[in-house]
> 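Before we start, here is the structure in question, set down as structure tokens.
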Amino acid sequence: MKFIIDDADIAKIKDIYNTFAVDGVTTNPSILAKSGRQPYEVLTEIREFIGPDAELHVQVIAPDAEGMVRDGHRIVEVLGKNTYVKVPTTKEGLRAMKLLHAEGIRVTATAIYTRMQAFLAAKAGADYAAPYVNRIDNLGGDGVKTAQDIHDIFRKNGLDCQVLAASFKNSQQVQELCEYGIGAATISPDVIEALIKNDSVAMAVEAFVKDFEGLCGKGVTMETSK
Ligand code: E4P
């Protein structure tokens, strides 16, 4: 499962990137708005930091297919070929996906709440389909199961599209999709930090150090011990 950061805060991206093995960054218009900066200013800075080979996902804004394609052209022109153009999975969006795919531009179908949206996006040539796990849960559905079913639909129908699960609010949602072997998950920095935060682990490490210091003295490590 690819592991992607869902944020546009450059300080947070740097912090996560420097610790975790990360495959790229996703953004959406709301995430960009939160940065308070002009879109291409912040996106260029992210691209420069993650390098030309990492995935960067950037969403179109135009309401019609032709406008979405023009948005896509500009996104790829400014941010490079490993940039995935995120297109909402609406009727206009599906048409834009077909057009962008025909030009060899990489597409992430976004705003996916149903299995059939994902199926149609994959048929239209999308490389990724992004089900919104937690938003589906909030509507009384089962976001994890929806993402798993989409993964199965792609495999059973021989569709060359990966699930890029999005909108996570807790570790359990991420873990269940990791166990299932979906293609990718995009996760906010807070939820990424929560994946490794564990008081029992912290207490175990603290006890090891205390015992060792009891033997060798405070501040002594394996580098400095006799
Ligand atoms: C992907 O980039 C989606 O836009 C994003 O994960 C949605 O997350 P949210 O439901 O937390 O806004």
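In each ligand, atom 1 is the first atom listed, and ligand 1 is the first ligand listed. Quick note: numbers below take in every heavy atom, side chains included, and nothing from hydrogens, waters or symmetry partners.
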> Under 4.5 Å side-chain heavy-atom separation, chaining through any Ile, Leu, Val, Met, Phe, Trp or Tyr, what else clusters with M203? Say none if it is isolated.
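Traced through the cluster, M203 reaches no other member.
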> To the closest 0.5 Å, what do you measure between CD1 (I153) and CE (M116)?
6.5 Å
> Enumerate the protein residues lying less than 4.0 Å from ligand 1, judged by heavy-atom distances, in chain and residue-number order.
D6, T26, N28, K86, Y132, R135, A166, S167, K169
> Sequence neighbours left out, what pairs pass side-chain hydrogen bond (donor to acceptor under 3.5 Å, both in side chains) with at least one residue falling in residues 130-145?
T110-Y132, N134-Q173, D137-Q173, K145-D149
> Tell me who clusters with Y84, hydrophobic residues only, linked when side chains sit under 4.5 Å apart either directly or through other members.
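In the cluster with Y84 are I4, Y128, L164.
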> Kindly confirm or rule out a cation-pi arrangement of R74 over Y40, judged by NZ or CZ under 6.0 Å from the six-membered ring centre and within 45° of its axis?
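Yes, R74 and Y40 form such a contact.
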> Just verifying a value: how many Å separate I136 CD1 and T146 OG1, rounded to the nearest 0.5 Å?
4.5 Å
